[in-house]
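Quick note: residue numbers are just sequence positions, from 1.
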Amino acid sequence: MSSGFDLSSLFENKRKIGSMFTSKCSANAIMSKIEGVAKGLNFKVAKLKDFKVRLQGQAEGRKGRLSVTAEVFEVAPEVAVVEFSKSAGDTLEYAKFCEEDVRPALKDIVWTWQGDNVCNGNGQVEEDSENQIMS
């Protein structure tokens with residue numbers, strides 16, 4: 001299996017805070033939305049590849065400027081997986097950025113956030129207990 005197409009994180013029980021979601025929008029629409037949100041939050045946007053951007057905060061944090069990479073993977077004609085990862089900066093600032101800024105701003109294009117729902121073994125989907133604690 002190619003290491004560049006690792007989907008194992010889609011099947012893990014624990015999720016990294018705000019790091020991955022699926023969408024039914026096109027990759028172009030998702031990238032446009034992410035860039036618009038980043039600019040609205042005063043982040044610099046640098047295009048790395050066709051569907052990969054680096055977002056860099058203007059303010060100095062505890063460990064320098066927060067830098068986040070966002071990448072869109074089209075896994076089916078109408079399904080995309082979007083992954084955010086911290087490139088530089090403080091982990092707590094990254095978690096806050098994901099939970100308080102990114103998640104609410106992208107809610108109109110998100111199908112589901114990874115880790116928000118889990119199967120209970122009976123074929124029924126329940127809210128993740130971690131998510132209930134955070135609410």
Side-chain angles (χ1 to χ4, degrees):
M1 186 165 134
S2 171
S3 63
F5 196 65
D6 181 13
L7 297 177
S8 64
S9 61
L10 291 173
F11 304 100
E12 294 173 355
N13 288 337
K14 291 206 171 226
R15 75 176 161 94
K16 296 175 188 171
I17 296 173
S19 62
M20 189 179 295
F21 69 87
T22 55
S23 178
K24 292 183 179 181
C25 296
S26 71
N28 287 326
I30 295 167
M31 292 304 293
S32 295
K33 182 71 174 182
I34 290 172
E35 290 174 17
V37 167
K39 288 177 182 174
L41 295 169
N42 293 322
F43 273 65
K44 288 182 185 176
V45 178
K47 191 172 184 177
L48 303 176
K49 292 181 184 176
D50 280 342
F51 299 112
K52 185 175 185 177
V53 292
R54 174 157 297 135
L55 316 172
Q56 184 173 21
Q58 301 291 336
E60 282 288 324
R62 293 181 343 154
K63 294 183 180 177
R65 291 183 180 168
L66 179 62
S67 182
V68 177
T69 302
E71 189 166 13
V72 180
F73 305 94
E74 285 189 318
V75 294
E78 292 185 19
V79 179
V81 174
V82 182
E83 182 175 25
F84 286 89
S85 59
K86 178 179 69 85
S87 305
D90 184 60
T91 302
L92 292 175
E93 291 172 10
Y94 169 69
K96 182 181 177 193
F97 169 77
C98 288
E99 290 297 319
E100 296 179 11
D101 297 327
V102 172
R103 285 179 70 114
L106 297 179
K107 67 182 177 195
D108 57 329
I109 65 165
V110 172
W111 185 12
T112 184
W113 284 95
Q114 182 208 354
D116 277 359
N117 295 314
V118 293
C119 184
N120 67 6
N122 299 334
Q124 297 175 332
V125 175
E126 296 178 351
E127 285 248 351
D128 189 348
S129 59
E130 176 186 333
N131 198 29
Q132 291 173 353
I133 294 169
M134 296 176 83
S135 297

Original post:
Does the Glu93 side chain pair with the main chain of Arg62, one donor and one acceptor, at a distance under 3.5 Å?
Top reply: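 Between the backbone of Arg62 and the side chain of Glu93 there is a qualifying donor-acceptor contact (under 3.5 Å).
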
Subject >> Polar side-chain atom of Ser23 near backbone of Ile109 as donor-acceptor pair, under 3.5 Å >> reply: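 Confirmed, Ser23 side chain pairs with Ile109 backbone.
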
Do [X] and [Y] have side chains that get closer than 4.5 Å, going by heavy atoms?
| X | Y | result |
| --- | --- | --- |
| Phe43 | Val53 | no |
| Ser19 | Tyr94 | yes |
| Leu55 | Ile34 | yes |

Spacing of [X] atom [atom1] and [Y] atom [atom2] [to the nearest 0.5 Å]:
| X | Y | atom1 | atom2 | answer |
| --- | --- | --- | --- | --- |
| Asp108 | Cys25 | CG | SG | 7.5 Å |
| Glu74 | Ile30 | CD | CD1 | 7.5 Å |
| Glu83 | Met20 | CD | CE | 4.0 Å |
| Met31 | Lys49 | CE | NZ | 12.0 Å |
| Lys86 | Leu92 | NZ | CG | 9.5 Å |

**OP:** Could you tell me which non-hydrogen atom of Arg54 sits nearest to which non-hydrogen atom of Ser67, and how far apart they are?
**Re:**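 So the minimum-distance heavy-atom pair works out to CD-OG, 3.0 Å.
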
Original post:
What heavy-atom pair brings Gln58 and Asn42 nearest, and what distance separates the two atoms?
Top reply: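 Nearest heavy atoms, Gln58 then Asn42: CG-O, 2.7 Å.
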
Original post:
Is it true that Leu48 and Phe51 fall in one hydrophobic cluster, defined by side-chain heavy atoms closer than 4.5 Å?
Top reply: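 Per the 4.5 Å side-chain linkage, Leu48 and Phe51 are not co-clustered.
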
Subject >> Listed partners of Lys39 passing side-chain contact (heavy atoms from CB on, under 4.5 Å), at least two apart >> reply: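 Counting only residues at least two positions away or on another chain, Lys39 forms a side-chain contact (heavy atoms from CB on, under 4.5 Å) with Val45.
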
